[in-house]
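Notes follow the structure.
Whatever order the structure lists them in is the order used to number ligands and atoms, beginning at 1. Here the structure is a predicted model, which means the values were calculated and not measured.
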Amino acid sequence: MSNQSHSHLAPFVMVLFGGAGDLARRKLLPALYGLYRSGLIHQDFQVIGLGRSERGPEEYREVVRQAVNQYFRVPVDDEDGLQSFCNKFEYMSLDVRDSAGYQQLKEQVEMRERESDIPENRLFYLAISPQLFGEVSTHLRENGLTQGSGWRRLVIEKPFGDDYPSAEKLNNQIQESFAEEDIYRIDHYLGKEMIQNIQVIRFANTLFEHIWNNQYISNVQITASETVGVEDRVAYYDHAGALRDMVQNHILQMVMLVAMEPPSHLKPEAIHEEKVKVLRSLRRWSGTAVDENMVRGQYTGGIQDGKEVPGYREEEGVPTDSLNETFVAGRLYIDNFRWSGVPFYIRSGKRMDRKTTEVVIQFKSVPDNLYFHKDNNLGPNLLVIKINPQEGLSLQINAKKPGTETEVVPIAMDFCHDCGTETPEAYESLLRDALEGDRTYFTHWEEVALAWKFVDPIREAWDRSEASSLCFYEAGSTGPKEADGLLQQDGTQWHLTELRGRQR
Ligand SMILES: NC(=O)C1=CN([C@@H]2O[C@H](COP(=O)(O)OP(=O)(O)OC[C@H]3O[C@@H](n4cnc5c(N)ncnc54)[C@H](OP(=O)(O)O)[C@@H]3O)[C@@H](O)[C@H]2O)C=CC1
Ligand SMILES: O=C1O[C@H](COP(=O)(O)O)[C@@H](O)[C@H](O)[C@H]1O
């Protein structure tokens, strides 16, 4: 959550499109409950859940109750509180493609506002298929739901488009109904505590910011690895692949936060301006440069957590000749004064050996005249920003081995960010920001557009080269060896932190 005051929290009506869908049940309803429970949102609010299925209000409240009981981050022990929360929910059956139905939705919203004395503050949350985003925003406007005296905000899930042209088309359509400042494009990584902490670590410490450049940093490594496979999302994933699913959004967001210049203040526009400059300086790969700097992989069968798991092509619904990538690694360059010559290595994959999201800053080594000798095992200084599943920082430095005269070994100084605290989930933080009208941790159109412009030529090169550039890796491994090769070419390696927590 950003550091704005909460005085502008106001009563609201939330219209939750896809109100009983997977995302709503697993993430959004528990997140809203968390905010309600801790008094972080105005307690006068109403929610209208939408879907095509017929459901009575009590039936829907039961969906809400079960979702909270099953997915809230800690066991729910306040039955009365949960009941009061559930009582705020209504359900409406509506096919969102049917414009006529929106008049009824408008009446429902206005009735809730009248009965509960809520000013016309409306949050429209689109937890539905991306194909419907544009159409829904148009229907909301055409039926007068976007007009009125209070605020109107549209929260949109990912993916935002399929490539730059489709994203631009969608953006134009949405902007006919909502101003840019009322559009909240979700990238749930931006709601993660340690992602939000990157800018604090950098800009609130003399220690790091002065050496945060190509004079002192040798390379940056960003990893987002998962142990899960494609699960039940084949229809989406077999087309999207890891490049669109993870790199276009989450990974590039991390690159921006690590590489951006200090903003002039902490308002969303200032931060956004600095983030966008990073993407403008990001060298674009196309043609043969894609082969030289990017690796795509697909998992084959293997052993995970002691169990045999199928390869991607054996997963239900996946074509047996699919060329879709479940892994991406890349070497990126940001061609500006601060980062010239510093590779940013990125990688993300499914069915890897561990669930981890982390950023490793590898500093340049000291001159080798003093401590580099055969008894020593000097490592580079590393700053590891642990994002998930652990949250914290680890700083690797070299120190004298106890009890020896001159032997030097690397040691780690660890800070655990989430130990002993109840860290809110990313969606809790983002939902609250949307209700407060704070867009700091939402993606602006320009970021989305430039990210697609980086990704599209890579996608095109891979589509042209068909099978030849696809590498394979065993499920449960660290990815294809070609991804290690990228770093070996530069005389370095991925820094593996200790094996830990399994997925979700
Ligand atoms: N699930 C996840 O973990 C994540 C999801 N997302 C994004 O969130 C969005 C929702 O995903 P998810 O919850 O998984 O999808 P689901 O299919 O589980 O849920 C979508 C819901 O939308 C409703 N719906 C579908 N078509 C219509 C329609 N024409 N009119 C009205 N309601 C409709 C369905 O209800 P009914 O059948 O009753 O109509 C369904 O409950 C997508 O954009 C996805 O990309 C993003 C990140 C993670
Ligand atoms: O957006 C997505 O993210 C998840 C990984 O999120 P995390 O918070 O668990 O790291 C990924 O599984 C999914 O494919 C992708 O759409």
Side-chain angles (χ1 to χ4, degrees), residues 15-31 48-55 59-60 63 67 71 91-99 101-102 105 125-136 139 155-162 170 185-195 222-254 324-328 348-352 354-358 386-391 423 425-427 429-430 443 501-504:
V15 181
L16 181 53
F17 292 83
D22 181 68
L23 183 72
R25 281 182 292 104
R26 284 196 307 111
K27 298 288 181 191
L28 305 179
L29 298 170
I48 303 173
L50 288 181
R52 288 162 304 180
S53 312
E54 296 289 343
R55 280 188 187 88
E59 206 181 332
Y60 185 53
V63 171
Y71 296 113
Y91 181 79
M92 188 179 148
S93 168
L94 169 73
D95 185 329
V96 298
R97 291 164 301 185
D98 168 21
S99 177
Y102 285 74
L105 175 61
Y125 198 119
L126 307 193
I128 45 174
S129 160
Q131 278 81 34
L132 299 168
F133 293 166
E135 202 176 337
V136 170
H139 289 325
V155 185
I156 315 178
E157 269 301 330
K158 62 165 281 206
F160 197 90
D162 206 29
L170 172 61
R185 298 179 195 83
I186 290 261
D187 181 315
H188 79 276
Y189 270 50
L190 292 180
K192 290 180 191 270
E193 274 282 305
M194 286 305 293
I195 298 250
I222 297 178
T223 299
S225 66
E226 302 185 76
T227 53
V228 292
V230 64
E231 300 181 292
D232 53 2
R233 295 168 72 215
V234 174
Y236 154 74
Y237 193 80
D238 195 56
H239 168 70
L243 184 67
R244 290 185 178 112
D245 188 45
M246 294 294 291
V247 176
Q248 190 274 340
N249 36 66
H250 312 319
I251 300 269
L252 287 182
Q253 284 294 334
M254 289 190 268
N324 186 41
E325 80 282 353
T326 59
F327 174 96
V328 174
S348 177
K350 294 206 181 277
R351 280 270 186 252
M352 293 179 65
R354 71 195 72 187
K355 167 72 181 169
T356 192
T357 305
E358 61 188 22
K386 302 175 190 181
I387 293 159
N388 187 19
Q390 284 180 359
E391 296 176 347
T423 316
E425 287 239 6
Y427 272 100
S429 172
L430 294 174
T443 53
R502 291 292 167 198
Q503 188 107 13
R504 297 188 262 224

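- Each of the following atoms of ligand 1 lies closer than 4.0 Å to a heavy atom of Ala127: 9 (C), 10 (C), 20 (C).
- Ligand 1 has at least one atom lying under 4.0 Å from a heavy atom of Asp95.
- Smallest separation of non-hydrogen atoms from Glu157 and Phe133: O-CE1, 3.2 Å.
- Taking only non-hydrogen atoms, the option from Asp232, Asp22, Asp98 nearest to atom 14 (O) of ligand 1 is Asp22.
- Between Glu325 atom CD and Asp238 atom CG the span is 9.5 Å, to the nearest 0.5 Å.
- Heavy-atom separations between Tyr236 and ligand 1 are all 4.0 Å or longer.
- The distance from ligand 1 to the heavy atoms of Phe133 drops below 4.0 Å at these ligand atoms: 43 (O).
- By the 3.5 Å distance cut-off applied to N or O atoms, Lys350 is counted among the residues near ligand 2.
- Distance check: Leu170 CG to Gln131 CD gives 10.0 Å after rounding to the nearest 0.5 Å.
- Atom 3 (O) of ligand 1 has its nearest heavy-atom neighbour, among Arg55, Glu157, Lys158, Arg26, in Arg26.
- Salt bridge Glu135/Arg97: absent, no basic N to carboxylate O contact under 4.0 Å.
- Between the choices Gln131, Arg52, Glu135, the shortest heavy-atom distance to atom 24 (N) of ligand 1 belongs to Arg52.
- Counting the atoms of ligand 1 from 1 in the order shown, those under 4.0 Å from a heavy atom of Gly18 are 21 (C), 22 (O).
- Heavy-atom proximity to His250, at under 4.0 Å, picks out these atoms of ligand 2: 1 (O), 2 (C), 3 (O).
- The aromatic rings of Tyr102 and His139 sit tilted, their planes meeting at an angle between 30° and 60°.
- The ligand atoms of ligand 1 that sit less than 4.0 angstrom from a heavy atom of Leu94 are 30 (N), 31 (C).
- Every atom of ligand 2 with a heavy atom of Asp245 under 4.0 Å away is listed here by number and element: 13 (C), 14 (O), 15 (C), 16 (O).
- Here is the list of ligand 2 atoms found below 4.0 Å of a heavy atom in Asn388: 10 (O).
- Pro159 counts as a contact of ligand 1, since one of its heavy atoms falls under 4.0 Å from the ligand.
- Remark: ligand 2 and Lys158 share an N or O pair separated by less than 3.5 Å (distance only, no angle test).
- Listed by number with element, the atoms of ligand 2 under 4.0 Å from a non-hydrogen atom of Lys355 are 7 (P), 9 (O), 10 (O).
- If you number the atoms of ligand 2 from 1 as listed, the ones under 4.0 Å from a heavy atom of Lys192 come out as 7 (P), 8 (O), 10 (O).
- Test Ile251, Ile387, Thr223 against Thr357 for side-chain contact (heavy atoms from CB on, under 4.5 Å) and you get one pass: Ile387.
- Ligand-side atoms of ligand 1 in range of Gly21: 13 (O), 18 (O), 19 (O), 41 (O), range being under 4.0 angstrom from any heavy atom.
- Using a cut-off of 4.0 Å between Lys/Arg side-chain N and Asp/Glu carboxylate O, Lys386 and Glu358 are scored as not salt-bridged.
- In this structure, CG on Asn249 lies 4.5 Å from NZ on Lys158, to the nearest 0.5 angstrom.
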